[in-house]
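All heavy atoms count here, side chains included; hydrogens, waters and symmetry mates do not. All chains are named by letter (A, B, ...) in the order of the sequence lines, taking the proteins before the strands, and each is independently numbered beginning at 1.
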Number of protein chains: 2
Amino acid sequence: MGKQMTEMLKGTLEGIVLAILAGDPAYGYEITTRLRSKGFPDIAEGTVYAILVRIEQKGLVTVEKRPSEKGPPRKVYSLNAQGEEYLNEFYQTWGFLSERLDQLREEGK
Amino acid sequence: MGKQMTEMLKGTLEGIVLAILAGDPAYGYEITTRLRSKGFPDIAEGTVYAILVRIEQKGLVTVEKRPSEKGPPRKVYSLNAQGEEYLNEFYQTWGFLSERLDQLREEGK
DNA sequence: TACCAGTACATAGTAGCGCTAAGTAGTGAA
DNA sequence: TTCACTACTTAGCGCTACTATGTACTGGTA
């Protein structure tokens, strides 16, 4: 993955995962494969699990353990009310940065 | 500054500084004040200087020392060809992420 | 004169985030 | 029994922005 992308994902990948969970609940392995199919082919598994641990500790998700037919039990994550609020803040922060950048880009022309 | 903003600036603040320089050359102190007046009131001076050192080492800018009437000599930074290319890559990466996020946001509704 | 605010640059130390790499564990197919 | 796939975990690393502090020059003012 490009170095710029790696650095830019800091602070945004967490939001992206939350956005995925906002669609519907999912478990780690599933999130990884979804990310990979949706334009982030190089996201490492470890990265996703680290984010899941973090957002659980922050209290943004609820976790439910469900058995799997194909391997170890899954930990299914659902966004809770606090998580939705956090996601909205994330979108706002992103929007703010987008505005500044668009403006700078215009000025630079 | 919000913690989300701090994390999101990782990987973008450097690009923002390059975008400012794309408008016209500037020196560190000036960049800091410009940032503060343009919606980033809490950017620390030290952060800006660290970025300037970095982009100089990466060869994205040329530096010229000019005397100041009001203090120590200024180091004026200008974006060079390599810097412009890097800035374009930055915009592309940003655009890619924007698309993914917009898409996720739509799906989440 | 002495002090302070403003200008201008520099840097050591810290925390957070994503990545690398390696491991554990369960299932089913070759 | 070996391998591939599923599924989760964790230690260590590099990079970035922030905090805090320091240096140095100018001009105003008490």
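- When distances are taken from the side chain of B:Pro72 to each of D:dT9, D:dT6, C:dA8, the shortest belongs to C:dA8.
- Contact annotation for B:Ile51: backbone-only contact, meaning every heavy-atom pair under 4.0 Å involves sugar-phosphate atoms and none involves a base.
- At the heavy-atom level, B:Glu30 lies nowhere under 4.0 Å from the strands shown.
- Residue A:Gly46 is in base contact, counting any heavy-atom pair closer than 4.0 Å across all strands shown.
- Closest to the side chain of B:Glu14, from the set C:dC17, D:dT6, D:dT16, is D:dT16.
- The residue among A:Lys70 and A:Leu9 whose nearest nucleotide of DNA chain C is located toward the 5' end is A:Leu9.
- The phosphate of D:dT16 has OP1 or OP2 within less than 4.0 Å of a side-chain N or O from B:Arg54.
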### Residue pair B:Leu21, B:Leu60: steps toward the side chain to side chain contact (heavy atoms under 4.5 Å, CB included) verdict
CA-CA 11 Å; B:Leu21 292 179; B:Leu60 309 178; over 6 Å; no
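- Using a 4.5 Å heavy-atom cutoff, the side chains of B:Val76 and B:Glu30 are not in contact.
- Along DNA chain D, the nucleotide closest to A:Tyr77 and the one closest to A:Glu7 are compared, and the more 5′ of them pairs with A:Tyr77.
- In this entry the distance linking CD of B:Gln4 with P of D:dC18 reads 15 Å, nearest Å.
- With contacts defined as side-chain heavy-atom distances shorter than 4.5 Å, the pair A:Trp94/B:Leu101 qualifies.
- The distance between the ring centers of A:Tyr49 and A:Tyr29 does not fall below 6.0 angstrom.
- Applying the 4.0 Å criterion to OP1 and OP2 of C:dG18, one finds that A:Thr6 has every side-chain N and O outside that range.
- Spacing between atom CD1 of A:Ile55 and atom P of C:dC17 amounts to 12 Å, rounded to whole angstrom units.
- Comparing D:dA17, D:dT19, C:dA10 by their closest approach to the side chain of B:Leu13 singles out D:dA17.
- Comparing A:Gly11 and A:Pro73 by the nucleotide of DNA chain C that holds the closest heavy atom to each, the one mapping nearer the 5' end is A:Gly11.
- Distance CD1 (B:Ile43) to C1' (D:dT19): 13 Å, rounded to an integer number of Å.
- Taking atom CG of A:Leu35 as the reference point, atom P of C:dG18 lies 11 Å away to the nearest angstrom.
- Atom OH in B:Tyr49 sits about 20 Å away from atom P in D:dT16, given to the nearest Å.
- In this structure, a donor-acceptor pair under 3.5 Å is present between the side chains of A:Glu14 and A:Tyr86.
- Atoms CG and CD, from A:Leu87 and B:Gln4 in turn, are 8.5 Å apart once rounded to the nearest 0.5 Å.
- With rounding to whole Å, A:Lys3 atom NZ is found 14 Å from D:dC13 atom C1'.
- Distance NZ (A:Lys10) to P (D:dC13): 15 Å, rounded to an integer number of Å.
- Atom CD in A:Glu56 sits roughly 11 Å away from atom P in D:dT10 (whole-Å rounding).
- Look at B:Tyr29 and you won't find any side-chain N or O under 4.0 angstrom from OP1 or OP2 of C:dC9.
- The side chain of A:Ser68 places an N or O atom within less than 4.0 Å of a non-bridging phosphate oxygen (OP1 or OP2) of D:dA7.
- Looking at which nucleotide of DNA chain D each of A:Val76 and B:Lys58 is closest to, the 5′-most match is held by A:Val76.
- Note on A:Thr47: a base of the nucleic acid sits closer than 4.0 angstrom, heavy atoms only.
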